[in-house]
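Notes follow the structure.
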Amino acid sequence: TLIQYDWLLKLKEMFNSKFGSIPKFYVRAPGRVNIIGEHIDYCGYSVLPMAIEQDVLIAVEPVKTYTLQLANTNPLYPDFSTSANNIQIDKTKPLWHNYFLCGLKGIQEHFGLTNLTGMNCLVDGNIPPSSGLSSSSALVCCAGLVTLTVLGRNLSKVELAEICAKSERYIGTEGGGMDQSISFLAEEGTAKLIEFSPLRATDVKLPSGAVFVIANSCVEMNKAATSQFNIRVMECRLAAKLLAKYKNLQWDNVLRLDEVQAKLGISLEEMLLVTEDALHPEPYNPEEICRCLGISLEELRTQILSPNTQDVLIFKLYQRAKHVYSEAARVLQFKKICEEAPENMVQLLGELMNQSHMSCRDMYECSCPELDQLVDICRKLGAQGSRLTGAGWGGCAVSIVPADKLPGFLANVHKAYYQRSDGSLAPEKQSLFATKPGGGALVFLEA
């Protein structure tokens, strides 16, 4: 597009003034909005995201030295340089350049390379950071594609997505594969049902009479910096083990909630009933979990929990499992409604989004007061449904809004949430925009 072209030219000039040379190529990778299916990709369940038009864009020049030089157009993110053959990723600090290094290292390890050529890279982007729109995963994916292009190698989009999903864990986030998958597999004009193991994407045609609107709560949440995210991953893992044990399955090699369902060969609705029988709503402590599984505290800490969850004292297994199984069912219902396209389709999809938010808020406890307020405002002002999107604890809400109500909706939400009398919200964070499904990651050879 012309906008993209102007942006490339601007980036080319900035690259030239930074490195005194001209980029050989450019790579873009989009952010995403997850329409429904929150916190279930790492449990093995399908999700329903779409790419947004906002993206990360990197200008690249391969160099003869073995030095990797990274610069960012945003002065908040300092320059970084390192030897391309000695990539160290510091898990204790989610600094911006570490996400680039994750993508690079993933590709390097996939091909078993020790000698990597150096490169100069200038990174730019317009995805609001820590907003639940996957700015960090877009950077990982972009860096993976940059590295692949510099090496002159080929991989399928599915392989790239799988490599980048795995390599983002170098930063300490135990995520699933949704963000990387949609960044590579997205296509303009359609949302995607993303299924895992094996990874595949199916088009989901969204209703033509409605628009999806993203609203930023302006509460930042950095997924890698918070232990909450990794605690949820562990709670799901422990719930899966206790459910498997309750059903006399081989529990010790079970890691995800979907494995229990698959081994039992029953529906999601039946899994919710099993959860009611097998788990109690009161939180579990480590001792009780050990009693249920017949293991020692030492075994629990070293063999099951991740290093950053070893000191957690309470685990809400019942609530987390209930959320995952019900949310997985909502994703399938959402896709079915999109395919059947009944008259009241927008209303039905909105109801599923509302149920999803309630479950995220009450059972998964990954919302926050500002997000709940924002979602509430969106519903009152004309959204048929509204929910948090992304990991939560801040970030964005996504709403389904009838197309004819859009202009009034945007103006009213702006007034009700962003133009508060105390002026507490910084204007640059006030992202409120309608979005349509964008395309996936790309390489441009010339600006």
Side-chain angles (χ1 to χ4, degrees), residues 25-34 37 41-42 44 46-47 49-52 54-58 60 68 70 84 87-91 94-113 116 119 121 123 125 127 129 132-187 192 194-201 222-224 229-230 233 390-391 438-443:
F25 64 91
Y26 306 81
V27 175
R28 63 87 58 168
R32 62 101 191 94
V33 57
N34 190 23
D41 59 342
Y42 54 76
S46 307
V47 290
M50 66 179 179
I52 54 177
Q54 286 83 345
D55 53 16
V56 167
L57 184 61
I58 306 182
V60 188
L68 169 68
L70 299 179
I87 302 296
Q88 304 289 326
I89 298 170
D90 182 356
K91 272 191 182 183
L95 298 166
W96 79 273
H97 62 254
N98 283 334
Y99 290 97
F100 186 101
L101 298 179
C102 284
L104 178 131
K105 190 171 169 154
I107 298 296
Q108 184 183 14
E109 292 193 343
H110 177 80
F111 289 111
L113 302 171
L116 260 196
M119 47 182 152
C121 296
V123 177
I127 309 168
L133 301 176
S134 287
S135 57
S136 49
S137 298
L139 180 51
V140 174
C141 292
C142 212
L145 189 48
V146 162
T147 309
L148 187 72
T149 309
V150 166
L151 292 170
R153 302 280 183 116
N154 282 315
L155 287 171
S156 70
K157 289 176 180 181
V158 166
E159 287 171 310
L160 269 166
E162 289 182 322
I163 291 165
C164 290
K166 208 165 74 202
S167 70
E168 190 165 329
R169 295 185 192 137
Y170 293 135
I171 207 111
T173 313
E174 302 279 337
M178 164 173 60
D179 304 345
Q180 302 81 5
S181 304
I182 190 67
S183 198
F184 285 114
L185 301 173
E187 289 178 84
K192 295 277 183 180
I194 304 228
E195 300 169 87
F196 302 99
S197 37
L199 176 60
R200 57 208 183 280
N222 186 320
K223 204 161 57 189
F229 184 90
N230 289 332
V233 177
L442 286 177
V443 179

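This chain uses plain numbering: 1 for the first residue, then up along the sequence.
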When every non-hydrogen atom of Ala138 is compared with those of Ile127, the smallest separation belongs to CB-CD1, 3.7 Å
Flag the pair Gln180 / Ser167 as yes when at least one side-chain heavy-atom distance between them is below 4.5 Å, and no otherwise.
no
Can you list everything that forms a ring pair (Phe, Tyr, Trp, His ring centres under 6.0 Å) with Phe184? Sequence neighbours excluded, please.
none
Partner residues of Glu162 under the salt bridge (Lys or Arg N to Asp or Glu O under 4.0 Å) criterion, sequence neighbours left out
none
Give, for atom CZ of Phe25 and atom CG of Leu442, the distance between the pair rounded to the nearest 0.5 Å.
13.0 Å
Is any side-chain heavy atom of Leu133 closer than 4.5 Å to one of Gln54?
no
With a 4.5 Å limit on heavy-atom distance, are the side chains of Leu68 and His97 in contact?
no
Donor-acceptor contacts, no H, no angles, side chain residues 153-160, under 3.5 Å, sequence neighbours left out:
{"unit_1": "Ser156", "atom_1": "OG", "unit_2": "Glu159", "atom_2": "N", "d": "3.0"}
{"unit_1": "Ser156", "atom_1": "OG", "unit_2": "Glu159", "atom_2": "OE1", "d": "3.3"}
{"unit_1": "Glu159", "atom_1": "OE1", "unit_2": "Ser156", "atom_2": "N", "d": "2.8"}

Show me the donor-acceptor pairs, under 3.5 Å and distance only, between side chains in residues 139-149 and residues at least two apart or in other chains.
{"unit_1": "Thr147", "atom_1": "OG1", "unit_2": "Ala143", "atom_2": "O", "d": "2.7"}
{"unit_1": "Thr149", "atom_1": "OG1", "unit_2": "Leu145", "atom_2": "O", "d": "2.6"}

Between the CD1 atom in Ile163 and the CD1 atom in Ile107, the distance rounded to the nearest 0.5 Å is 4.5 Å
Begin from the C-alpha positions of Ile87 and Leu116 and carry the test side chain to side chain contact (heavy atoms under 4.5 Å, CB included) through to its verdict.
CA-CA 10 Å; Ile87 302 296; Leu116 260 196; 5.6 Å; no
Residues forming a salt bridge (Lys or Arg N to Asp or Glu O under 4.0 Å) with Arg200, sequence neighbours excluded:
Glu195
For Ile182 and Asp179 the tightest heavy-atom approach is CG2-O, 3.5 Å
Under a 4.5 Å cut-off applied to non-hydrogen side-chain atoms, are Met178 and Ile194 in contact?
no
Kindly write out the residues that satisfy side chain to side chain donor-acceptor pair (under 3.5 Å) with Asn98, not counting sequence neighbours, or none if the list is empty.
none
Heavy-atom closest pair (Phe229 atom, Ala391 atom, distance to 0.1 Å) is CD1-CB, 4.0 Å
Return the minimal non-hydrogen interatomic distance between Tyr99 and Ser136, and the atom names on each side.
CE2-CB, 3.4 Å
Backbone N or O of Val47 within a donor-acceptor pair of the Asp41 side chain at under 3.5 Å?
no
For the residue pair Tyr170 and Leu101, establish whether any side-chain heavy-atom pair is separated by less than 4.5 Å.
no
Let me confirm one number: the CG-OG distance from Asp55 to Ser135, rounded to the nearest 0.5 Å.
12.0 Å
As an exercise, state the distance from CG of Leu113 to CD of Gln108, rounded to the nearest 0.5 Å.
6.5 Å
Are Arg32 and Ser134 packed together at the side-chain level, in the sense that at least one heavy-atom pair is separated by less than 4.5 angstrom?
yes
Note: Ser181 and Ala161 closest approach over all heavy atoms is CA-CB, 3.7 Å
Would you name the heavy atoms of Cys121 and Phe100 that are closest together and state the gap between them?
SG-CZ, 3.8 Å
Residues forming a salt bridge (Lys or Arg N to Asp or Glu O under 4.0 Å) with Glu187, sequence neighbours excluded:
Lys192
